[in-house]
J.: 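Here's a structure for you.
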Amino acid sequence: MAVIQHETTIAEAADRLSRELPGHRVEILQGRLTVTPPADGAHAESLTWLIEEFSAAGARRVGLKYLQGIGLWLPSGPSDFAIPDLSLLDADYRDAHVEKNCFAPHAFRMVLEITSSNWADDLGPKVDCYAQAGVPVYLVVDRRHDEAILHTDPRNGEYHSRKPFKRGTSVPLPESLGITLDLPVDRLLDGDEG
């Protein structure tokens with residue numbers, strides 16, 4: 001009797017891990033499977049506060065949606081995708097559906113990551129992946145190094161502008177987003193001021 005073996009693809013492994021590890025974020029970055037545990041309280045507080053800020057700044061009025069945990073299909077590999085903590089997307093992003101819960105990069109105006117145990121991915125591979133995808137703005141809230149880093153101007157697979165912001169300062173979002181918003185670094189890093 002012949003034994004039939006099935007090699008699991010990286011996409012199948014990602015699907016299986018997503019089912020087996022509820023609450024964890026499973027991504028494929030540059031052909032590498034990554035799994036991140038659920039966020040802590042300060043991380044969640046920062047995201048909630050950011051949603052309130054985008055709402056107050058009128059993001060919806062200028063045709064943007066702000067969504068947590070939506071998949072971004074990446075051109076860095078045949079199965080690559082990321083799930084940013086928070087994304088600003090065109091209001092018609094659903095027209096850019098690729099597969100699963102992932103959408104084409106052209107629908108994304110900005111992605112934001114708040115570092116946790118996967119901080120090296122947010123500061124390394126994701127910078128490259130988001131630049132290759134042409135995402136106009138990538139903001140990393142780097143809790144490991146106590147700063148926020150704004151990446152803009154993606155050309156030829158890399159960001160040509162990288163601006164770090166320390167505590168006590170604010171990150172001015174680029175006017176190209178269509179909203180005016182300065183984000184205090186302390187609040188981004190710590191969550192609730194309280």
Side-chain angles (χ1 to χ4, degrees), residues 17-18 21-27 29 34-62 64-72 81-89 91 93 101-103 107-131 135-152 159 161-194:
L17 283 171
S18 291
L21 298 171
H24 288 67
R25 183 179 318 177
V26 178
E27 301 170 298
L29 304 172
T34 67
V35 179
T36 306
D40 62 25
H43 188 283
E45 287 176 3
S46 291
L47 291 176
T48 299
W49 169 73
L50 282 163
I51 288 170
E52 293 167 352
E53 291 297 301
F54 288 130
S55 177
R60 288 193 185 269
R61 287 191 301 274
V62 297
L64 296 174
K65 296 239 179 162
Y66 32 92
L67 302 172
Q68 294 184 57
I70 191 163
L72 167 56
F81 68 95
I83 304 172
D85 288 324
L86 186 66
S87 300
L88 280 180
L89 297 103
Y93 75 93
N101 294 320
C102 295
F103 297 84
F108 290 76
R109 297 288 159 234
M110 175 181 158
V111 295
L112 179 136
E113 299 282 7
I114 299 173
T115 61
S116 53
S117 61
N118 68 338
W119 63 271
D121 285 336
D122 294 338
L123 298 173
K126 285 190 177 181
V127 175
D128 297 336
C129 289
Y130 294 154
V135 175
V137 179
Y138 174 35
L139 178 58
V140 183
V141 179
D142 181 2
R143 297 188 302 171
R144 182 169 179 90
H145 300 101
D146 217 30
E147 65 182 359
I149 305 165
L150 183 66
H151 299 273
T152 57
Y159 285 110
S161 177
R162 179 191 182 277
K163 295 179 183 172
F165 295 87
K166 296 291 185 188
R167 284 189 176 277
T169 65
S170 291
V171 179
L173 293 185
E175 291 178 12
S176 62
L177 293 174
I179 56 175
T180 301
L181 196 54
D182 289 336
L183 303 172
V185 173
D186 292 16
R187 188 79 188 261
L188 289 168
L189 291 166
D190 300 333
D192 190 8
E193 295 174 322

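The first residue in the sequence is number 1, and the count goes up from there.
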J.: Which residues pass the ring-ring contact (aromatic ring centres under 6.0 Å, His included) test with Y93, sequence neighbours left out?
T.: F103

J.: Is it true that, when you exclude N101 itself, more than 12 heavy atoms of the residues, nucleotides or ligands shown sit nearer than 6.0 Å to its CG?
T.: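 Open: at most 12 neighbouring heavy atoms sit under 6.0 Å from CG of N101.
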
J.: If you define the side chain from C-beta out and look only at heavy atoms, does anything of L86 sit under 4.5 Å from F54?
T.: yes

J.: Going from CG on L72 to CD1 on I70, what distance comes out if it is rounded to the nearest 0.5 angstrom?
T.: 9.5 Å

J.: Taking the side chain as every heavy atom from C-beta outward, state whether L88 and V137 have any atom pair closer than 4.5 Å.
T.: no

J.: How close do G71 and I83 get, counting heavy atoms only, and between which atoms?
T.: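 Between these two residues, the closest heavy atoms are CA-CG1, 4.3 Å.
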
J.: Taking all atoms of both residues into account, what is the closest heavy-atom pair of A56 and R61, and its distance?
T.: O-NH2, 4.3 Å

J.: Would a 4.5 Å heavy-atom cut-off, applied to side chains only, mark V127 and H151 as touching?
T.: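 Touching, per the 4.5 Å side-chain cut-off.
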
J.: Between SG of C129 and CG of D121, what distance do you get to the nearest 0.5 Å?
T.: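 If we round to the nearest 0.5 Å, C129:SG and D121:CG are 9.0 Å apart.
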
J.: Is it true that the NZ or CZ of R162 lies under 6.0 Å from the centre of Y138's six-membered ring and within 45 degrees of the ring axis?
T.: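 No.
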
J.: Any chance you could measure R60, atom CZ, to K65, atom NZ, to the nearest 0.5 Å?
T.: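 If I round to the nearest 0.5 Å, the distance is 5.0 Å.
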
J.: Got L123 and H145 here, is their nearest side-chain heavy-atom distance under 4.5 Å?
T.: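 Yes, at least one pair of side-chain atoms sits under 4.5 Å.
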
J.: Set out, in order, the CA-CA distance, both residues' side-chain angles and the distance that settles side-chain hydrogen bond (donor to acceptor under 3.5 Å, both in side chains) for Y66 and E53, then state yes or no.
T.: CA-CA 10 Å; Y66 32 92; E53 291 297 301; over 6 Å; no

J.: Given side chain to side chain contact (heavy atoms under 4.5 Å, CB included), test Y130 with F108 step by step and report yes or no.
T.: CA-CA 10 Å; Y130 294 154; F108 290 76; over 6 Å; no

J.: Quick check: do S116 and P37 have side-chain heavy atoms less than 4.5 Å from each other?
T.: no

J.: When R25 is tested against each of D85, T36, T34 for side-chain hydrogen bond (donor to acceptor under 3.5 Å, both in side chains), which residue passes?
T.: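 Testing R25 for a side-chain hydrogen bond (donor to acceptor under 3.5 Å, both in side chains) against D85, T36, T34 leaves exactly one candidate, D85.
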
J.: How far does CG of L188 sit from CG of D142, to the nearest 0.5 angstrom?
T.: 12.0 Å

J.: Which atom pair, heavy atoms only, marks the closest approach of I179 to A57?
T.: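 That closest heavy-atom pairing would be CG2-O, 3.6 Å.
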
J.: Run the ring-ring contact (aromatic ring centres under 6.0 Å, His included) test against H43 and tell me which residues pass, sequence neighbours left out.
T.: none

J.: Where is the tightest heavy-atom contact between M110 and L112, given as atom of each residue plus distance?
T.: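 Distance-wise, the nearest heavy atoms are CE-CD1, 4.1 Å.
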
J.: Which atom pairs, one a donor and one an acceptor, fall under 3.5 Å between side chains of residues 167-175 and the rest of the protein, sequence neighbours left out?
T.:
unit_1, atom_1, unit_2, atom_2, d
R167, NE, D146, OD1, 3.0
R167, NE, D146, OD2, 2.8
R167, NH1, D190, OD2, 3.0
R167, NH2, D146, OD1, 3.0
R167, NH2, D190, OD1, 2.8
T169, OG1, K166, N, 3.4
T169, OG1, K166, O, 2.5

J.: What are the two closest heavy atoms between F81 and L29, and how far apart are they?
T.: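 Nearest heavy atoms, F81 then L29: O-CD2, 4.0 Å.
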
J.: Looking at side-chain heavy atoms only, is the closest gap between I51 and Q68 below 4.5 Å?
T.: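 Counting from C-beta outward, I51 and Q68 do come under 4.5 Å.
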
J.: Using a strict threshold of under 4.0 Å (side-chain N to carboxylate O), is an ion pair present between D122 and R143?
T.: no

J.: What is the minimum heavy-atom distance between L89 and S87, and which atoms define it?
T.: CD1-CB, 3.6 Å

J.: Taking the side chain as C-beta and beyond, is there a heavy-atom pair between T48 and E52 under 4.5 Å?
T.: yes

J.: Under 4.5 Å between any side-chain heavy atoms of F165 and I149, yes or no?
T.: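 No - every pair of side-chain heavy atoms lies 4.5 Å or more apart.
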
